[in-house]
Each structure stands twice: as structure tokens, then as C-alpha cells.
Colleague: 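Below: one structure in C-alpha cells.
Computed over heavy atoms, backbone and side chain alike; hydrogens, waters and symmetry mates excluded. Since the structure is predicted, the reported quantities are computational estimates derived from the model, not experimental observations.
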Amino acid sequence: GIASGGGAGPAAARGQSRRASREDRRGSLGDAAPGSKRSSMDMMRGAGPSKPGASGKESSEELRRTPSKDSGGSSSGSGDRERDADGASTPRGNGGSDFLQTGSPQKQARGAPPPRMDPAEARAHLDRAALSFEKRDAIVRHFAGVQRLYSEIRGANGGFARDGSTSTSRPSASSRKSARDDLERFGKVVDAFASKNRLRVVGELRHADVLSSSPSASIVSSIEFDNERRVFATAGVSKRIQFFDFRDVCSRFCPSGRADREQTDGDRLATHAITTRSKLSCLSYNAFLTNRVASSDYEGVVTVWDAETRLAVCEFEEHDKRAWTVDFCRADAKLLASGSDDGRVKIWSTDAEASVLELDVRANVCCARFGPNDAYKLAVGCADHRVHLFDLRYPQEAVAVLSGHRKATSYVRFLSSGNELVSASTDSTMCVWDVRLNAVKKAAERLATRKQGPLMVSQPARVLEGHVNEKNFVGLSVGGGDLIACGSETNEVFVYHKSFDRPMVKYGFDDESERGGGGGGGGGA
């Protein structure tokens, strides 16, 4: 009421004060010299408003012609600054190029050539740049897999809520540490995957049976290294186990592909050989005794050989049909397992004349493999498309059944940790399974108390695709760094990383340019 009646109340006083301050500001802006305004170009350069002269009425044209004056009327102080054409102040004698230099802050003499880089250092820089480009290329080609891997790592450690959303609350110190650990793990996996981009042939063997004209006589069914990774043995349809020195084979290889056939002939390169009665299906070296190697054959016979004396140490004949697989235990030097088309897995001891345990899986057994860390875990791949996981302390039934393939399971291999298993099938896929010890123990305990049957798992952690395998057994190998290698019916070899469903690199043996150059094909995207 007081404000509307024109009284001199506090509200009216405040209104008059605000009007006066606005008029003062408008008046001061109107009286300012044109040169005092900051242009958009000045703002981008970071320059302040140019100062007017003593009269305050100089035009912008005069400011461009005349050096600015300080309060004392002299030219710019110590002479270390000068005006540019737009009135902005820049350091004198420090051209724009000086601000862009990222090297040493020490000044170079004008016109002096840049310092020469040592040739070795220059090559190292180029190598790092090339590797960086190849890593980026690999990540781009497998970007969907990289995204999925990150989501899985963060989601597994509580990075996401149950509905898939992320938490908006302030993270705790423990969650921040967990996030850092996740990122570190993610970076290591991606780096390991992207750092491999080619395969190179380092050795070659030509297998041929001089006593047979059949092409199948040169088929190699199994290749196994001894525990020292110095000697490897091959076996197959030729009814022979041949032993080779790995370094010797590699030293005779000619990368140009023009080596004499004698230099790659398997019979000439073999250090020695063992002749058997039947065609061989599989080999397995003892992890503790370098000269002990076991074989399985088409007659169902399992034999343990002394590689030095070439004599049979043990011979087991309990299978009724062809034995496809044999495997020495990595925790007990005396134990080995074999599997056959008769649907049974036999556990043998070199101290016993007969089998010490029998597992009935009621399906043709294609492969059997002990776990890497104990003598109890055994994985069995069968023609029923499944992997049967046994704990030998409870042999009456499998503790877990892994069903993810559409055709026969041809190979099984544990990764180095023992917590994951890889299975290969003639459906052109490989599956990575999580078989952590705790889950297996719980399943075994339930089975022992007869509370329920085996644990049924139908969802693998990863399905690896890219190779072709529809008819033959093409091989499976696992190595360090979670790498998985297999053959293909396209006469290629593929290498996968367990965390990515597409191959990281492949090599085609039919491509003469690849064989000659020693390079591999790209990682099939």
C-alpha cells in the first residue's frame, strides 16, 4: 500500500536505487571508448580489453596505429609486449609457433635444424606406432565383443542393478576400488586380445607312409609335447609313434617355401619311432616322467610306452570297441583315463593290471580329460552332444552335464586355471564353460546325499564361431593367455581368445603367399 501510494518506504527506496544503478551502467557503457570492448577474436585469444589513451576518446583505428600507453604515458613498460592488429596484447619475440611446441622448453637457435633421432629409437617409435594402429584395428573389428566384455566384467561385480540400470548414488571407496580393478582387468584382456595379429610358420613336417599308397595313411590323429616342451610325438593311421626334436624341426624350415623335401620329410627328421599293431587314435605324455607316453588304438587297447627303450610298460585291453582317447592325470603320475565307443570311461593305474574305476556314460566317448589341479575332476565329451563332468570320488553319476552343442563333442580341454573348460564339436562351434570348483563341489555333495541328480547346464559362458568343423576331428589346443587354437576343414588354423566369440587370427595353408611370407590372415571379423 505504501509503495503504490508513492510513499518514501523502504521498498520505494530500493526500486529507485536499482533504476539509478541501471542508468549508471548504461551511461558508463555509452561513454566507453570503442577500443575498450573485447571482440570475439580477443576472447578466443585470451586477450583483455585494450586500454584507451589519456583522453579516453581514441578510435579503434588510432589504437591500431599507436602503441598503447601505460598510466605514466610511456610506451608499453619494459618493451616485452606489443599490440596485434586487433588490439590484443601478445608477448614480443615469442611467435605463435613457440606456444605450439611441446618439447623441451629450452629455446632453439633460429634456423637451426631439429635434433636428429637415433636410428634405433626411430625404429622403436615406428614399431610402437604400427602396433598401436593394429591394436586399434583389432578393437574396431571386434567392437561389439569389447562392449559385451566390459558389460560382463562390470555387471559381475555389481556395476549394474538387477534391472540393468546403474546406480546414481555416490560410490563408496570400496566400489571405486572395485571399478578400478574392473577397468584394469578389462584393459589387460583387451590388450592381450589386440596384441596378437598374425601367425607364422616356424617348422614343417611332411608325413607319408612309404608302405601304403592310400592318402589316409598320412593322417595324423594326435600331436603331443612332453612335459619339458622339447620333444613332441605324432601318431595316426600309419601305426607308428614318431618322436621329433622341436628345435631341430624348426631349424630346418625354409620360410621361402623352397626347402628340399628331404629337409621336411618326417621319416628323416624323426629321432626315433615305435611301431604298433593297430592304427592309433590318441597320445598323452606323462606330466612327471618325460619318457612315458600312452596311446589308444582302433582295437580298444591302451598302452603305456617307454619312449627311450621303445618298449611297452603297461597294456590294458578291457574296451570292447575302438578307444578314441587317453589322458594321463596331471596330479598323479600313475593314473590315466581312456574312453571308447563302448560308452565307458576306464580309469587305470600303472601299478594295477586291470582298471581301477569304470564310468558308464551310455554314449560313445570321443574324449576324456583330467583337470589340471587335482586327480578327481574329469571331463568327458560324448556323441550325445554333451560334456559329462565327473568327480571321481562320486563315480556313480556325473556331477554336472553341459549341453550346448548340436552335434557330437569331439574335444574337451581345461584352461590353465581349471575353472573353465573348452569343448569342441562337429557343429563348427566351441563352447567355454564355467566349471568353478565350488559349484562342482556343491553338485557332488547333492549327488552324494541323493538329494537330486546331476547339475544340468545349458548356457555356456561363450560360444566361439568362425572355423568350419562338420565331419572330421580337427584338433583343439589351449595355451597361455587364455588362447584357444583349433583346425578347420577349410585347411586353416584359427586362434581365439576365451573372452571373444570371433577368432583373433587365422592362417590358411593353401595360400602360398602366406606360407612364403610367414604372415597370417586377419582375425576373421
Colleague: About how many Å separate CG of Asp391 and CD of Gln396, when rounded to the nearest 0.5 Å?
Modeller: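 Here the rounded value is 9.5 Å.
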
Colleague: How far does CG of Asp248 sit from CZ of Arg230, to the nearest 0.5 angstrom?
Modeller: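 So the gap between those two atoms works out to 11.5 Å.
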
Colleague: Under the rule for ring-ring contact (aromatic ring centres under 6.0 Å, His included), what residues qualify as partners of Phe414, not counting sequence neighbours?
Modeller: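 Result, ring-ring contact (aromatic ring centres under 6.0 Å, His included) vs Phe414: none returned.
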
Colleague: Once you round to the nearest 0.5 Å, how far does CE of Met430 lie from OH of Tyr411?
Modeller: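 Output value for this atom pair is 12.0 Å.
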
Colleague: Quick one: which residue pairs count as a ring-ring contact (aromatic ring centres under 6.0 Å, His included) with a foot in residues 271-304, not counting sequence neighbours?
Modeller: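 Qualifying pairs, neighbours excluded: Phe243-His272.
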
Colleague: Start with the C-alpha distance between Val435 and Leu389, add both sets of side-chain angles, then the distance that settles side-chain contact (heavy atoms from CB on, under 4.5 Å), and finish with yes or no.
Modeller: CA-CA 9 Å; Val435 289; Leu389 194 62; 3.8 Å; yes

Colleague: When rounded to the nearest 0.5 angstrom, what distance separates CZ in Phe186 from OG in Ser499?
Modeller: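 Spacing of CZ (Phe186) from OG (Ser499) equals 10.5 Å.
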
Colleague: Take Val387 and Leu421 through the test side-chain contact (heavy atoms from CB on, under 4.5 Å) and record every step on the way to the result.
Modeller: CA-CA 10 Å; Val387 177; Leu421 175 76; 3.7 Å; yes

Colleague: Would a distance-only check, ignoring hydrogens and angles, find a side-chain to backbone donor-acceptor pair under 3.5 Å from Asp297 to Ser278?
Modeller: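 Flag not set: sc Asp297 to bb Ser278 has no pair under 3.5 Å.
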
Colleague: Within the 4.5 Å heavy-atom criterion, are Leu336 and Val326 side-chain neighbours or not?
Modeller: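 In short, these two side chains touch, coming nearer than 4.5 Å.
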
Colleague: Testing the basics here: between Leu283 and Ile241, what is the closest heavy-atom pair and its distance to 0.1 Å?
Modeller: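 Looking at all heavy atoms of both residues, the shortest contact is CD2-CD1, 3.9 Å.
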
Colleague: Looking at Arg292, I want to see if its CZ is surrounded by more than 12 non-hydrogen atoms of other residues, nucleotides or ligands under 6.0 Å.
Modeller: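 Enclosed: over 12 neighbouring heavy atoms sit under 6.0 Å from CZ of Arg292.
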
Colleague: Please evaluate residues Arg502 and Glu465 with respect to the criterion salt bridge (charged side-chain N to carboxylate O under 4.0 Å, His left out), reporting the C-alpha separation (whole Å), side-chain torsions for both, the decisive distance (0.1 Å), and the verdict.
Modeller: CA-CA 6 Å; Arg502 304 296 295 176; Glu465 297 180 281; 5.3 Å; no

Colleague: With no hydrogens and no angle check, is any side-chain donor or acceptor of Lys377 less than 3.5 Å from a backbone partner on Gly418?
Modeller: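 Flag set: sc Lys377 to bb Gly418 pair under 3.5 Å.
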
Colleague: Using the salt bridge (Lys or Arg N to Asp or Glu O under 4.0 Å) rule, collect all pairs that involve residues 307-317, keeping only residues at least two apart or in two chains.
Modeller: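 For residues 307-317: Arg277-Glu315.
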
Colleague: Taking ring-ring contact (aromatic ring centres under 6.0 Å, His included) as the test, write out the residues that go with Phe370, two or more places apart.
Modeller: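 So Phe370 forms no ring-ring contact (aromatic ring centres under 6.0 Å, His included) with any residue.
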
Colleague: Using the ring-ring contact (aromatic ring centres under 6.0 Å, His included) criterion, which residues pair with His405? Sequence neighbours excluded.
Modeller: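 With neighbours one apart ignored, the set is empty.
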
Colleague: Would you please name every residue forming a side-chain contact (heavy atoms from CB on, under 4.5 Å) with Pro460, sequence neighbours left out?
Modeller: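 Expected list: Cys431, Trp433, Val463.
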
Colleague: Are Ser295 and Trp305 close enough, and set up right, to give a side-chain hydrogen bond (donor to acceptor under 3.5 Å, both in side chains), and what steps lead you there?
Modeller: CA-CA 8 Å; Ser295 67; Trp305 303 90; 2.9 Å; yes

Colleague: Can a donor-acceptor pair be found, under 3.5 Å and without considering hydrogens, that links the side chain of Thr325 to the backbone of Ser338?
Modeller: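 A pair under 3.5 Å: no.
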
Colleague: In sequence, state the C-alpha distance, the side-chain angles, and the governing distance for Val202 and Arg200, and then conclude on side-chain contact (heavy atoms from CB on, under 4.5 Å).
Modeller: CA-CA 6 Å; Val202 297; Arg200 180 170 58 91; 3.8 Å; yes

Colleague: So which atom in Ser423 and which in Val412 form the shortest heavy-atom distance, rounded to 0.1 Å?
Modeller: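 Heavy atoms only, the tightest pair is CB-CG1, 4.1 Å.
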
Colleague: Can you tell which of Asn286, Asp351, Thr350 makes a side-chain hydrogen bond (donor to acceptor under 3.5 Å, both in side chains) with Lys334?
Modeller: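 Answer after filtering Asn286, Asp351, Thr350: Asp351.
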
Colleague: Report yes or no: does Ser425 contribute a side-chain atom to a donor-acceptor pair with the main-chain N or O of Ala408 at less than 3.5 Å?
Modeller: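 Pair found, side chain donor or acceptor close to backbone of Ala408.
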
Colleague: Could you work out, with side-chain contact (heavy atoms from CB on, under 4.5 Å) as the rule, every residue matching Ser355, not counting sequence neighbours?
Modeller: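 Residues passing side-chain contact (heavy atoms from CB on, under 4.5 Å) with Ser355: Glu318, Lys346, Trp348.
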
Colleague: Evaluate the salt bridge (charged side-chain N to carboxylate O under 4.0 Å, His left out) criterion for residues Lys188 and Glu184: first the C-alpha distance (whole Å), next the side-chain angles of each, then the deciding distance (0.1 Å), finally the verdict.
Modeller: CA-CA 6 Å; Lys188 287 181 178 179; Glu184 183 177 355; 3.5 Å; yes

Colleague: Within a radius of less than 6.0 Å around CD of Glu353, do more than 12 heavy atoms belonging to other residues, nucleotides or ligands occur?
Modeller: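 No, because the 6.0 Å sphere around CD of Glu353 holds 12 heavy atoms or fewer from other groups.
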
Colleague: Could you give the distance from CG (Asn419) to CG (Leu415), rounded to the nearest 0.5 Å?
Modeller: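 The CG atom of Leu415 is 9.5 Å from CG of Asn419, to the nearest 0.5 Å.
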
Colleague: Answer yes when Arg247 and Asp245 have at least one side-chain N-carboxylate O distance shorter than 4.0 Å, and no when they do not.
Modeller: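 Judged by the 4.0 Å cut-off on N to carboxylate O distance, Arg247 and Asp245 do not form a salt bridge.
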
Colleague: Begin from the C-alpha positions of Val189 and His497 and carry the test side-chain contact (heavy atoms from CB on, under 4.5 Å) through to its verdict.
Modeller: CA-CA 9 Å; Val189 173; His497 189 282; 3.8 Å; yes

Colleague: Using the salt bridge (charged side-chain N to carboxylate O under 4.0 Å, His left out) criterion, which residues pair with Lys407? Sequence neighbours excluded.
Modeller: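 With neighbours one apart ignored, the set is empty.
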
Colleague: Under 3.5 Å, side-chain donor or acceptor atoms of residues 473-495 against the rest of the protein: list the pairs with distances, not counting sequence neighbours.
Modeller:
residue	atom	partner	partner atom	Å
Ser488	OG	Val468	N	3.0
Ser488	OG	Val468	O	3.4
Ser488	OG	Thr490	N	3.3
Ser488	OG	Thr490	OG1	2.8
Glu489	OE1	Glu470	N	3.3
Glu489	OE2	Asn469	ND2	3.2
Glu489	OE2	Glu470	N	3.0
Glu489	OE2	Lys471	N	2.8
Glu489	OE2	Asn472	N	2.9
Thr490	OG1	Glu492	OE1	2.6
Asn491	ND2	Asp510	OD1	2.6

Colleague: Under the rule for side-chain contact (heavy atoms from CB on, under 4.5 Å), what residues qualify as partners of Arg148, not counting sequence neighbours?
Modeller: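 With neighbours one apart ignored, the set is Glu152, Arg462, Asp501.
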
Colleague: Mind checking the CZ-SG spacing from Arg413 to Cys367? Nearest 0.5 Å is all I need.
Modeller: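 Here the interatomic distance stands at 7.5 Å.
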
Colleague: Could you tell me which residues satisfy side-chain contact (heavy atoms from CB on, under 4.5 Å) with Asn227, sequence neighbours excluded, listed by chain and number?
Modeller: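 If we apply the side-chain contact (heavy atoms from CB on, under 4.5 Å) test to Asn227, skipping adjacent residues, the hits are Thr290.
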
Colleague: Tell me every residue that passes ring-ring contact (aromatic ring centres under 6.0 Å, His included) with Phe246, counting only those two or more places apart in sequence or in another chain.
Modeller: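 For Phe246, the residues satisfying ring-ring contact (aromatic ring centres under 6.0 Å, His included) (neighbours in sequence not counted) are Phe225.
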
Colleague: Of all the heavy-atom pairs spanning Ala375 and Ala331, show the shortest one and how long it is.
Modeller: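 So the two residues come closest at N-CB, 3.8 Å.
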
Colleague: For the pair Ser281 (side chain) and Ala323 (backbone), establish whether a donor and an acceptor sit closer than 3.5 Å, ignoring hydrogens and angles.
Modeller: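 Pair found, side chain donor or acceptor close to backbone of Ala323.
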
Colleague: Between Phe193 and His142, how do the two ring planes meet: parallel, tilted or perpendicular, split at 30° and 60°?
Modeller: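 Perpendicular.
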
Colleague: Any sub-3.5 Å donor-acceptor pair from Asn291's side-chain atoms to Ala307's backbone N or O?
Modeller: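 No; judged by distance alone, with no hydrogens or angles, the pair does not exist.
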
Colleague: Just by distance, do the side chain of Arg330 and the backbone of Phe328 share a donor-acceptor pair under 3.5 Å?
Modeller: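 Side chain of Arg330 to backbone of Phe328: a pair is present.
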
Colleague: In terms of side-chain geometry, is the basic nitrogen of Asp360 or Arg344 positioned less than 4.0 Å from the acidic oxygen of its partner?
Modeller: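 The answer is no: the pair does not qualify as a salt bridge.
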
Colleague: Got a donor-acceptor contact below 3.5 angstrom from the Ser221 side chain to the Leu280 backbone?
Modeller: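 Present.
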
